[in-house]
Number of protein chains: 2
Amino acid sequence: MRDVAHLAGVSHQTVSRVVNDHPSVRSETRARVLAAMRALDYQPNVAARTLATNRSQTVGLVTFDTTLFGPSFMVHAIERAAREAGYFVSIASARELNVPSVTEAIRRLREQAVEGIITLAPVAAAWTALGRSLLDVPAHVPIVGMGIDVHAMPEVPMVAVDNAAGAGLATRHLIALGHRTVHHVAGPPEWPEARERMAGWQAALEAAGLPVPRALPGDWSARSGYAAGRALAADPAVTAVFCGNDQMAIGVLRAMHEAGRAVPGAVSVVGFDDMPEAPYLQPPLTTVRQDFAELGRRSMHLLVTQIAAGVRQTGQHRSAPDLVVRESTSALAF
Amino acid sequence: MRDVAHLAGVSHQTVSRVVNDHPSVRSETRARVLAAMRALDYQPNVAARTLATNRSQTVGLVTFDTTLFGPSFMVHAIERAAREAGYFVSIASARELNVPSVTEAIRRLREQAVEGIITLAPVAAAWTALGRSLLDVPAHVPIVGMGIDVHAMPEVPMVAVDNAAGAGLATRHLIALGHRTVHHVAGPPEWPEARERMAGWQAALEAAGLPVPRALPGDWSARSGYAAGRALAADPAVTAVFCGNDQMAIGVLRAMHEAGRAVPGAVSVVGFDDMPEAPYLQPPLTTVRQDFAELGRRSMHLLVTQIAAGVRQTGQHRSAPDLVVRESTSALAF
DNA sequence: GGTCGATTTGTGCGCGCTCACTTCCGGGAT
DNA sequence: ATCCCGGAAGTGAGCGCGCACAAATCGACC
């Protein structure tokens with residue numbers, strides 16, 4: 001910077017003004033400085049700026065399992081949104097789904113002096129289980145919990161798809177097709193998304209006065225969906241299955257096929273997420289679509305607002321999902 | 001830090017020594033400092049350290065489309081490897097697949113003073129097309145190009161799966177099953193992976209003295225695989241298809257099914273990647289497995305070596321893929 | 001021509017840390 | 001008793017920048 005100032009024949013402060021688009025610099029001077037910057041291939045030193053301003057222009061992302069379709073897509077959406085908002089993004093993944101791991105990831109991020117944190121990992125359950133919460137992060141650190149459990153931590157701003165509504169959409173769709181009940185392959189209970197989808201499914205069933213079967217446990221993977229699917233396929237009473245995500249639905253589809261139960265002829269299957277492959281599965285999967293890009297933008301927005309305000313705020317945004325009907329569901333054949 | 005020093009009754013330098021595990025601190029003193037640090041909830045300021053040492057402890061990741069299975073998995077693998085090596089990771093995604101976007105992403109990373117860069121985006125084609133290369137990044141910035149084209153830029157260290165070998169494995173597997181030739185649904189030619197897989201497929205065919213059909217273009221998506229699949233399904237001469245990745249294979253599987261061509265009865269299909277869902281597709285997909293975790297570790301290793309050496313180095317690592325035979329391939333029925 | 005106010009530019013300090021160097025202290029060899 | 005040496009601790013400078021304030025410059029107006 002000193003060199004640039006020298007070459008342009010101005011003081012370092014003027015260079016600083018040019019770099020930061022300060023208004024009171026004569027355009028002629030500005031041009032001279034810009035030329036000098038270009039000539040010297042000058043690049044501002046972020047560390048120095050961070051030190052001086054106490055602002056890192058970085059937001060942290062706590063992830064857990066980015067091999068899942070949802071989270072991996074969210075990373076992308078958030079990076080985009082962050083860039084547009086003028087922030088860098090630094091990621092820290094939790095090794096496992098427990099308090100120490102998540103705490104450690106957050107610590108790493110805080111150590112980096114991120115200005116705010118967005119968490120994609122399902123922290124609620126683990127944390128509240130120990131009577132702690134994301135609030136252990138000092139209140140001046142803005143945070144947004146994507147898909148966290150708002151009941152467990154109402155103080156933490158949250159952005160999520162309306163999982164219960166989506167599950168309701170899926171379940172009612174199956175009920176409308178004449179199914180006497182709908183079975184459910186659930187995600188891991190540590191994930192609020194999983195619990196909310198299960199609750200939505202259950203509520204829809206109860207509202208229709210239908211029996212609520214026991215949900216089968218899954219871990220979001222196709223493998224677990226397959227295991228659940230085998231159990232379901234063995235029961236001739238099963239005619240409709242709502243899966244907590246598309247990947248598990250893939251497993252269920254496979255299990256049904258192996259058992260000789262046609263989809264949608266004998267059994268209807270619905271997923272959740274609408275991954276890009278969903279239309280090309282066999283059969284094309286009816287599923288609940290979430291708008292990940294929108295969620296990413298929303299969460300960055302919420303974070304930026306907090307950073308600007310300088311304090312943690314509360315606020316929740318739930319985006320409405322859509323049901324995408326394809327060929328894995330059909331009316332119950334009598 | 002000053003406060004900690006004060007509380008512990010030592011100088012700031014001693015605190016610094018404790019923080020950095022410097023050996024020459026009496027264990028008694030060290031204990032006192034540690035206690036003070038804990039009491040004050042002291043957290044070192046990375047910006048200040050970075051400014052003083054000129055080392056940011058951060059590596060940058062240039063991504064492009066993390067909704068693809070491979071890249072999304074790699075992000076995860078690299079984050080893990082980086083953490084183990086004591087680095088933070090900051091990500092920057094290229095908006096599009098062209099020189100300005102990738103340059104911009106790299107600029108953002110450099111602006112952040114990352115110590116090294118790993119690129120997951122397929123930069124080679126675009127860059128060399130303009131007679132430029134990753135080397136535009138000053139030579140003192142360590143870089144690793146995952147899956148870049150080594151012919152185009154032999155100077156840049158590279159880590160990748162041996163795509164040609166994998167394609168050969170897949171193709172020879174189909175040839176051994178008696179197929180008279182193997183068709184290919186290729187990824188976008190901008191991706192060296194796509195070109196290498198195509199080259200491997202072609203070479204295997206030629207080595208067996210079989211005709212080389214025209215490859216069908218795809219963009220890695222199931223949608224594009226489906227489009228290619230429809231064309232392939234319409235041609236009764238097609239009995240074996242090798243797809244550039246699993247997602248396109250999903251599309252091909254769907255197209256074959258719609259056209260009433262049984263897989264593997266009438267047509268055999270092979271993918272590439274071995275995504276977690278592959279065993280649960282219909283039919284379970286024969287595919288080429290790559291070890292992403294290993295690739296992530298390798299690339300971090302290569303990067304760390306360069307950082308330690310202080311100069312860009314050359315070096316290439318190709319990991320050998322495996323063929324995983326499942327049920328989407330079978331012997332040609334006469 | 002002088003004065004005032006607005007605009008533009010410069011000065012010096014400090015952000016929190018590490019580095020190079022100095023100082024201090026105690027123990028063993030001479 | 002002297003000297004030296006090595007481990008343990010302290011001192012001060014400076015990394016590159018932005019902030020608060022001071023200084024200079026420029027116009028416009030009386």
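Everything numeric in this text was worked out from a predicted model, so none of it was measured. So you know, we letter chains A, B, ... as the sequences are listed, proteins then strands, and number each from 1.
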(request) Please collect all salt bridge (Lys or Arg N to Asp or Glu O under 4.0 Å) contacts where either partner lies in residues 74-83 of chain A, sequence neighbours excluded, each pair once. (result) A/Glu79-A/Arg83, A/Glu79-B/Arg108
(message) In whole Å, I'd like the distance from the CD atom of A/Gln57 to the P atom of D/dC17.
(response) 13 Å
(request) Would you list the pairs meeting ring-ring contact (aromatic ring centres under 6.0 Å, His included) in which at least one residue belongs to residues 43-83 of chain B, sequence neighbours left out? (result) B/Phe69-B/Phe73, B/Phe69-B/Phe292, B/Phe73-B/Phe292
(message) Applying side chain to side chain contact (heavy atoms under 4.5 Å, CB included), can you list everything that pairs with B/Thr63, at least two apart in sequence or on another chain?
(response) B/Leu61, B/Thr66, B/Val75, B/Ser93, B/Leu120
(request) Could you grab the distance from atom CG of A/Leu40 to atom CG of A/Asp3, nearest 0.5 Å is fine? (result) 6.0 Å
Table please: side-chain donor-acceptor pairs of residues 298-306 of chain A below 3.5 Å, with sequence neighbours left out.
residue	atom	partner	partner atom	Å
A/Arg298	NE	A/Glu294	OE2	3.0
A/Arg298	NE	A/His317	NE2	3.3
A/Ser299	OG	A/Leu295	O	3.0
A/Ser299	OG	A/Gly296	O	3.0
A/Thr305	OG1	A/His301	O	2.7
A/Gln306	OE1	A/Gln313	N	3.2
A/Gln306	NE2	A/Ile143	O	2.9

(request) Indicate, with a heavy-atom threshold strictly under 4.0 Å, whether B/Thr29 touches base, sugar-phosphate, or nothing. (result) sugar-phosphate
(request) Give the B/S/- string for nucleotides 11-16 of chain C, one per nucleotide from 5' to 3', where a protein heavy atom under 4.0 Å of the base yields B, of only the sugar-phosphate yields S, and otherwise -. (result) BB--BB
(request) Give the rounded distance in Å between these two atoms: CD of B/Gln112 and C1' of D/dG16. (result) 17 Å
(request) Work out which heavy atom in A/Ala293 is nearest to a heavy atom in A/Ala77; give both atom names and the distance. (result) CA-CB, 3.9 Å
Nucleotides 23-25 of chain C: which of its N/O atoms have a protein N/O under 3.5 Å away?
none

(message) The test is side-chain contact (heavy atoms from CB on, under 4.5 Å); show your working for B/Ser11 and B/Thr14 and say whether it passes.
(response) CA-CA 5 Å; B/Ser11 74; B/Thr14 299; 3.4 Å; yes
(request) Check the distance between D/dG16's P and B/Glu111's CD and give it to me in whole angstrom. (result) 17 Å
(message) Show every salt bridge (Lys or Arg N to Asp or Glu O under 4.0 Å) that has at least one partner inside residues 91-106 of chain B, sequence neighbours left out.
(response) B/Glu104-B/Arg107
(request) Please identify each residue that fulfils side chain to side chain contact (heavy atoms under 4.5 Å, CB included) with B/Asp162, with sequence neighbours left out. (result) B/Ala164, B/Ala165, B/Arg318, B/Pro321
(message) So if I take the C1' atoms of five pairs at each end of the helix from C/dG1-D/dC30 to C/dT30-D/dA1 and get each local axis, what angle do the two axes make, rounded to 10 degrees?
(response) 50°
(message) For A/Ala48, give me all partners under side chain to side chain contact (heavy atoms under 4.5 Å, CB included), at least two apart in sequence or on another chain.
(response) A/Asn45, B/Leu51
Under 3.5 Å, side-chain donor or acceptor atoms of residues 28-37 of chain A against the rest of the protein: list the pairs with distances, not counting sequence neighbours.
residue	atom	partner	partner atom	Å
A/Arg30	NH2	A/His22	O	3.1
A/Arg32	NH1	A/Ala8	O	2.7

(message) With heavy-atom distances below 4.5 Å as the criterion, would you say the side chains of A/Trp191 and A/Leu97 are in contact?
(response) yes
(message) Nearest 0.5 Å, please: how far is CZ in A/Arg55 from CD in A/Glu115?
(response) 4.0 Å
(message) Under 4.0 Å, heavy atom to any atom of DNA chain D: which of residues 19-28 of chain A qualify?
(response) A/Asn20
(request) Report the distance from atom CG of B/Asn54 to atom C1' of D/dC17, rounded to the nearest whole Å. (result) 14 Å
